[in-house]
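The structure under discussion appears below in the form of structure tokens.
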Amino acid sequence: MSIVENATQLAQGALQAVMKKAVELAPDSWIPGGVPDPLIQHKHGLVGTQVARLDGPLKVTGAARFAAEFPLETMVYAALTYSTIPKGRIATIDVAAAEALPGVVLVMTYKNAPRLNPTPAMLTAPKAIGGDQLPVMQDDRIHWNGEPVAVVLAQTQEQADHAASLIAVTYETEIAMTRFEDAKPDRAAASFMGAPMLIEIGDAEASLAAAPHSVDRTYRTPRHNHNPIELHGATLFWQGDELILHDASQCVAHVAWTLAQVFGVDEAQVHVTSPYVGGGFGSKTLWNHQILAAAAAKLAGRPVRIMLSREGVYRMVGGRTLTEQRVAIGAQADGHFDALIHTGVVAMTPHNSMPEPFILPSKSAYAAGSFLLNVDAVKLDMLANTFMRAPGESVGTFALESAVDELAVELGVDPIALRETNEPETNPTTGTPFSSRNIVAAYRSGAERFGWDKRNATPGTRREGEWLVGMGCATATYPYYRMPGGAARLTLTKDGHATVEIAAHEMGMGTATTHTMVLAERLGLPMDKVSFLYGDSKMPGVVLAGGSQQTASIGAAVIAAQNALFTELLKLAGNDSPLAGLKPSEVGGYEGGLCKLDDPSACESYVSILSRAQRDAVSVEAAGSAPLETQHWSMHSYGAMFAEVRVNAVTGEVRVSRFLGSFDCGKILNPKTATSQFRGGIIMGLGMALMEETQFDERTGRVMNPSLAEYHVPVHMDVPEIDVIWTDIPDPHAPMGAHGIGEIGITGVAAAVANAVFNATGKRVRDLPITLDKLL
Amino acid sequence: MTPFSYARADDVPGAIALAVATPDAKYLGGGTNLVDLMRETIERPAALVDVTGLSREITVGADGGVVIGAGVTNTALAADRTIRTHYPMLSRAILAGASAQIRNVATVGGNLLQRTRCGYFYDDAARCNKREPGAGCDAIDGFNRIHAILGASPSCVATHPSDMCVALAALDAQVRVAGPDGERTIALVDLHRLPGGSPERDTVLDPGELVVAVELPALPFAAHSTYRKVRDRASYAFALISVAAGIELENGAIKDVRIALGGVAHKPWRAFKAEAALRGQAPSEANVRAAAELELADAAGLRDNGFKIELAKRAIVATLAELSGEQA
Amino acid sequence: MQFTINDRPVEVEVDLRTSLLDLLRENLGLTGSKKGCNQGACGACTVLVEGERINSCLALAVQYQGRSITTVEGLSDAEGLHPLQRAFIEHDGFQCGYCTPGQLCSAVAMADEMARGIPSHVTGDLTAETIALDHDELRERMSGNLCRCGAYNGIVAAIAETYASAPARQEEAA
């Protein structure tokens with residue numbers, strides 16, 4: 001990063017700091033959520049009931065159409081050739097054999113690719129979503145092992161794949177930095193989202209040294225890959241200067257804007273749709289494949305389908321980076337923390353901006369007399385790492401919550417009691433009040449249901465045949481975020497049907513179903529009179545399905561749209577209506593119309609209002625409020641995670657026999673889909689705990705297990721029945737009183753498992769994954 | 001995938017004739033390994049001779065031995081009542097491998113000839129003597145958690161990935177092959193090679209030779225046999241270590257015993273040394289452990305797989321303890 | 001090449017290299033069968049060949065000429081959804097829905113395998129005539145179908161409910 005960029009960032013940082021303070025000090029009522037969403041008070045409505053997915057019939061019949069399944073006339077298929085060195089330049093590239101094959105329409109390399117602008121990388125601009133900021137196939141430079149060096153278009157996939165395998169490339173290699181240990185001397189403090197991560201409160205090292213009890217440990221987590229089962233793919237074509245892209249995306253508006261920058265066209269000239277996404281977990285953003293397919297389509301003048309091979313996904317879609325974390329806690333004999341130190345090193349690249357922020361959970365989990373939190377990063381010549389489910393928290397809670405368990409052992413106290421002892425009253429590093437924090441209640445109900453009192457605190461004391469049995473727990477935590485940009489169009493037609501359109505996403509979270517419920521309840525309509533349309537960049541809003549923020553973003557946008565709609569309807573209703581003279585804040589949706597809130601007899605139906613006004617429809621568009629609530633309050637989701645594991649005394653194999661997640665995540669909108677979200681996160685956490693590791697060969701910078709056969713994710717047999725409960729206490733300052741819950745489930749899981757393994761065996765594993773060799 | 005011609009064979013001589021007629025021909029069974037390797041361009045046959053229609057019978061002989069056609073699917077073999085009753089270790093080994101979908105099409109012949117899962121073999125950017133003789137081996141100093149601890153060479157440290165073959169090795173199976181020069185029978189333990197200086201050759205089969213059947217000799221005590229597989233997830237993963245074992249006790253001593261190991265070598269590893277040491281001995285933990293130590297005496301670990309030496313010993317001890325417990 | 005797909009005869013000319021999966025998805029427009037790895041490691045491509053489940057990604061189409069193939073599109077009929085499809089919706093046996101067609105086809109064939117008494121890795125007594133579809137049997141037998149969203153509990157509940165009485169039916173028949 002240049003000095004100029006640093007200075008700009010510093011200036012922005014200073015301004016942000018002033019604004020931040022002002023928002024913290026403002027009266028509650030000035031802040032979004034200062035007046036609780038009236039929906040929270042609704043009783044006996046749709047919200048909170050079990051509703052099956054509206055897209056269920058489409059998904060169980062195979063009729064839901066995913067990105068690489070749109071048929072287009074004259075479409076050709078793409079295949080890629082990847083570099084086999086980590087750094088250097090292409091010396092020669094011979095495409096003659098490929099071009100000569102029947103069916104081949106185009107071979108594109110840096111020599112004939114259209115000129116493209118560098119990709120705006122995520123976090124560098126509000127709508128930037130590139131995995132890295134490198135130009136794509138613009139010169140002979142190689143930046144990572146696996147970088148695409150050629151694109152083949154052919155009439156069939158078989159022809160394209162074969163042609164791509166015939167492209168012969170020679171390289172002039174340069175010395176690459178691919179070893180973490182070699183890079184560590186050049187570690188430097190990292191910034192995340194434009195701000196340094198360093199937090200120093202008091203002298204934590206001195207407090208640690210002086211504390212009567214302490215732990216000081218190093219924990220390591222390996223690289224991970226998201227591995228959604230749907231391969232990254234797109235079907236796209238150019239219509240003149242307009243690019244139409246059926247993508248698998250968790251950020252359609254971002255992709256449209258970023259592609260527009262790359263191709264030098266107006267944002268409105270890129271149209272991205274993504275109605276169904278076969279899993280994302282942070283990976284379905286913008287990587288080279290959409291850019292290369294669009295560039296090749298332009299060059300060939302043909303629609304293109306690209307679907308990466310599974311190996312291709314590993315070569316060019318980034319995953320979670322590795323971390324090495326130190327957690328040190330100094331404590332008094334009564335368990336109170338004097339010092340909390342959470343520091344360490346991660347790897348990233350020279351061309352992205354994602355230093356895995358593993359300290360995030362330590363910023364608000366516990367009260368402590370002093371803090372030292374920081375993340376250093378080293379730069380490696382590798383594929384850009386990126387956001388993966390609960391970036392920061394998933395791996396950070398492994399270290400933090402393992403260390404708390406180790407301290408509990410050191411102190412001889414129950415680990416839940418130790419956590420309660422250090423429960424903070426306000427955010428311990430910012431001083432802001434918590435909006436809603438019921439972690440202690442979550443622990444109590446979780447412990448009771450799980451049977452925590454049956455745990456023997458002495459490790460290795462419970463054995464059933466070959467199996468040692470143990471229990472462990474850990475805290476889950478993930479912030480409530482709401483990013484700027486949420487907006488929605490709300491249209492009410494004269495037959496009393498409401499449609500909301502928002503450029504949001506459904507990757508299986510249940511978004512479409514849940515927000516249909518919410519809108520139906522807000523407007524007083526049955527669900528079959530409400531449509532939730534999403535997954536199209538032409539729709540209003542810039543809504544990232546990431547950071548567990550989509551629920552809040554949609555919620556705030558729909559609140560704004562509902563207010564605008566009620567304003568319009570009251571105008572249309574005029575003076576001849578029972579609603580005459582009322583303000584939008586004085587009415588609510590009820591049984592197909594508007595009613596005065598404190599006098600339900602003063603009502604007029606939507607059909608009546610529109611018909612009297614001789615209108616076919618009324619349509620409004622509105623943007624959500626600025627998300628200031630996240631700075632005024634400390635807003636987080638929480639969970640108490642409980643694991644029972646069985647460790648084979650002969651082989652070291654670990655099996656999770658029981659798991660319970662007790663969550664505190666605000667109001668649960670749809671228990672059916674929420675349960676699946678929690679379980680899904682927990683299962684990915686079990687994978688992280690026990691088996692997941694992307695094998696990055698440090699000699700070559702190449703991933704050596706780019707395959708679902710060799711990169712293990714949990715299978716049916718690895719997963720027990722997972723119990724999920726929640727407090728259901730609404731967060732008064734969040735739309736609907738709800739939090740997004742896509743990421744909280746993975747946090748704390750690895751630590752709960754590791755702590756249970758310790759309880760079963762007396763062995764503390766501080767390097768993930770906990771494979772059997774570490775327990776022999 | 002490189003283009004190829006395809007022909008379905010009607011009988012064994014026809015299959016051999018087809019294979020011999022085309023250079024670089026390969027026999028195609030269920031395709032679960034070959035098609036994957038062709039897609040990776042590791043295998044580039046010019047012709048495929050489909051032999052799935054041939055020899056799909058399981059025949060029980062008068063002496064109790066069994067002849068298994070090479071085209072029998074893994075599922076059919078594992079589910080066969082004779083195998084389940086008289087050779088349970090074989091059923092269990094097959095059922096421990098892959099997934100139901102793969103077992104439904106994978107054949108006995110194809111299972112014998114499946115190739116290693118070494119990541120460097122699969123990646124054409126890496127050096128691999130098995131894929132490209134003389135290129136070198138990147139696995140020796142790379143990721144080698146799943147690699148060999150026995151019988152490896154400086155050229156190759158790959159393992160054979162089959163579960164089924166481990167049981168067949170323990171059961172003294174014979175492999176019947178037919179080729180341009182006629183038929184021959186090879187002991188399963190001699191079918192697969194150690195890598196030595198030519199790891200590109202997985203087996204001793206000559207070009208054009210086709211596996212026709214696998215013969216299991218009668219082995220009454222194999223009814224008391226089992227297969228134990230240790231792996232990184234609870235199902236659908238290749239073995240880190242596996243043990244196929246059967247034991248016959250008489251008067252409190254081991255009269256006869258069969259032990260083979262999977263996941264340890266370039267071939268299914270028959271533990272002859274351990275077997276010899278155990279015959280006539282009491283099946284005590286100490287005796288079995290000593291036999292396992294003997295078998296693994298020459299084992300050598302690499303960067304990531306040293307744990308397998310101890311794991312193999314423990315797995316042998318636990319498996320024999322289970323079997324002798326059942327008979328006690 | 002001729003096939004019977006979802007009870008309808010199909011004739012199509014394709015490259016010898018074409019997998020059964022790509023034949024379905026790219027040549028016949030039956031995109032219900034999914035590609036998740038193209039290497040037999042995820043099960044998303046599972047289809048039924050004469051009622052038996054296979055990974056269509058590892059199957060060369062040419063090898064399956066003349067065979068009867070059922071895909072997820074063929075599970076439901078004019079009368080409506082297959083009971084297992086309804087159970088998947090009721091028990092929320094999916095999130096993104098991408099692995100779902102493979103899970104469904106796999107489970108349908110698995111129930112048939114149970115009825116035929118085919119054992120699994122976790123079957124205690126290999127010589128038993130019938131095998132009960134308990135929690136471990138079900139999970140082991142479905143382990144060839146990955147779900148990264150982690151809908152495993154819902155999938156298991158849906159299958160268990162749908163096929164709870166399957167072994168009993170087999171006994172009646174026997």
Side-chain angles (χ1 to χ4, degrees), chain A residues 82-86 101-102 145-146 157-159 161-162 164-166 309 311 315 465-466 648-656 686-687 690-693 695-720 769 771-776, chain B residues 1-4 32-33 36 38-42 44 98-99 102 117-127 138-139 141-146 161 228-238 240-243 301 304-319 321-322:
Chain A
Y82 304 96
S83 81
T84 55
I85 64 158
L101 284 181
N145 199 329
Q157 190 69 58
E158 292 80 12
Q159 292 165 338
D161 288 342
H162 180 216
S165 75
L166 297 184
S309 64
E311 178 185 352
R315 297 273 173 254
E466 283 186 0
N648 192 287
V650 176
T651 63
E653 290 161 290
V654 182
R655 303 284 181 253
V656 176
L686 295 180
L690 298 181
M691 61 189 81
E692 293 191 34
E693 175 175 8
Q695 295 176 345
F696 178 86
D697 192 323
E698 291 206 317
R699 299 170 299 178
T700 57
R702 195 160 173 92
V703 174
M704 291 316 301
N705 60 340
S707 145
L708 286 176
E710 266 69 36
Y711 181 108
H712 289 152
V713 303
V715 299
H716 272 284
M717 197 63 199
D718 292 299
V719 178
T771 45
L772 59 91
D773 47 302
K774 295 168 186 170
L775 296 166
L776 280 178
Chain B
M1 208 180 277
T2 307
F4 52 84
T32 52
N33 189 219
D36 184 32
M38 287 167 64
R39 200 170 271 139
E40 299 281 339
T41 70
I42 295 165
R44 280 167 289 188
S99 66
I102 290 173
R117 303 301 303 188
C118 173
Y120 300 91
F121 172 69
Y122 260 82
D123 183 5
D124 62 8
R127 297 182 306 146
D138 276 339
D141 298 314
F143 287 101
N144 47 36
R145 176 179 174 75
I146 63 169
R228 180 166 183 152
K229 180 173 182 178
V230 183
R231 47 186 157 177
D232 274 331
R233 63 182 174 191
S235 186
Y236 205 12
F238 291 94
L240 291 168
I241 288 285
S242 66
V243 180
D304 301 333
N305 70 350
F307 72 94
K308 285 181 163 186
I309 301 172
E310 173 63 17
L311 181 60
K313 294 173 189 170
R314 290 187 184 193
I316 292 170
V317 170
T319 307
E322 180 195 332

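Bear in mind the structure is a predicted one, so any value in this text is a computation, not a measurement. Just so it is clear: chains get the letters A, B, ... in the order the sequence lines come, proteins before strands, and each one is counted from 1.
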With sequence neighbours left out, the residues meeting side-chain contact (heavy atoms from CB on, under 4.5 Å) with B/Val317 are B/Glu285, B/Val288, B/Arg289
Can you tell if the side chain of [X] reaches within under 4.5 Å of the side chain of [Y], non-hydrogen atoms only?
{"X": "A/Glu692", "Y": "A/Tyr711", "answer": "yes"}
{"X": "A/Phe696", "Y": "A/Asn145", "answer": "no"}
{"X": "A/Met691", "Y": "A/Pro714", "answer": "yes"}
{"X": "B/Asp232", "Y": "A/Glu710", "answer": "no"}

Q.
Could you walk me through whether B/Asn33 and B/Arg117 satisfy the side-chain contact (heavy atoms from CB on, under 4.5 Å) test, starting with their C-alpha distance in whole Å, then the side-chain angles of each, then the deciding distance to 0.1 Å, before giving a yes or no?
A. CA-CA 10 Å; B/Asn33 189 219; B/Arg117 303 301 303 188; 4.2 Å; yes
Residues at least two apart in sequence or cross-chain that pass salt bridge (charged side-chain N to carboxylate O under 4.0 Å, His left out) with B/Lys313, listed by chain then number, are B/Glu293
For B/Glu40, the salt bridge (charged side-chain N to carboxylate O under 4.0 Å, His left out) test, sequence neighbours excluded, returns none
Can you say whether [X] sits under 4.5 Å from chain A via the side chain, the backbone, both, or neither, judging by heavy atoms?
{"X": "B/Thr2", "value": "both"}
{"X": "B/Asn305", "value": "neither"}
{"X": "B/Arg145", "value": "side chain"}

Nearest heavy-atom approach of B/Phe307 to A/Leu772 is CE1-CD1, 3.8 Å
Smallest heavy-atom separation, A/Ser165 atom then B/Thr41 atom, equals CB-CG2, 3.9 Å
With a 4.5 Å cut-off on heavy-atom pairs, point out which of [options] contacts chain A the most.
{"options": "B/Asp304, B/Leu240, B/Val230, B/Ile241", "result": "B/Val230"}
{"options": "B/Ala237, B/Gly306, B/Pro3", "result": "B/Pro3"}
{"options": "B/Ala318, B/Ala234, B/Ala126", "result": "B/Ala234"}

Between [X] and chain B, which part of the residue has a heavy atom less than 4.5 Å away: side chain, backbone, both or neither?
{"X": "A/Gln159", "result": "neither"}
{"X": "A/Leu686", "result": "neither"}
{"X": "A/Val713", "result": "both"}
{"X": "A/Gln695", "result": "both"}
{"X": "A/Thr651", "result": "both"}
{"X": "A/Met704", "result": "both"}
{"X": "A/Glu466", "result": "side chain"}
{"X": "A/Asn705", "result": "neither"}

Counting heavy-atom pairs under 4.5 Å with chain B, the top scorer among A/Met717, A/Arg702, A/Glu158 is A/Arg702
For residues 118-125 of chain B against chain A, heavy atoms under 4.5 Å, the residues are B/Gly119, B/Tyr120, B/Asp123, B/Ala125
To the nearest 0.5 Å, atom OH of B/Tyr236 lies from atom CZ of B/Arg231 at 11.5 Å
Interatomic distance, OG1@A/Thr771 vs CD@A/Glu653, rounded to 0.5 Å, equals 11.5 Å
Before you tell me yes or no, could you show the steps for B/Asp138 and B/Arg127 under salt bridge (Lys or Arg N to Asp or Glu O under 4.0 Å), namely the whole-Å CA-CA distance, both residues' side-chain angles and the distance that decides it to 0.1 Å? CA-CA 5 Å; B/Asp138 276 339; B/Arg127 297 182 306 146; 2.9 Å; yes
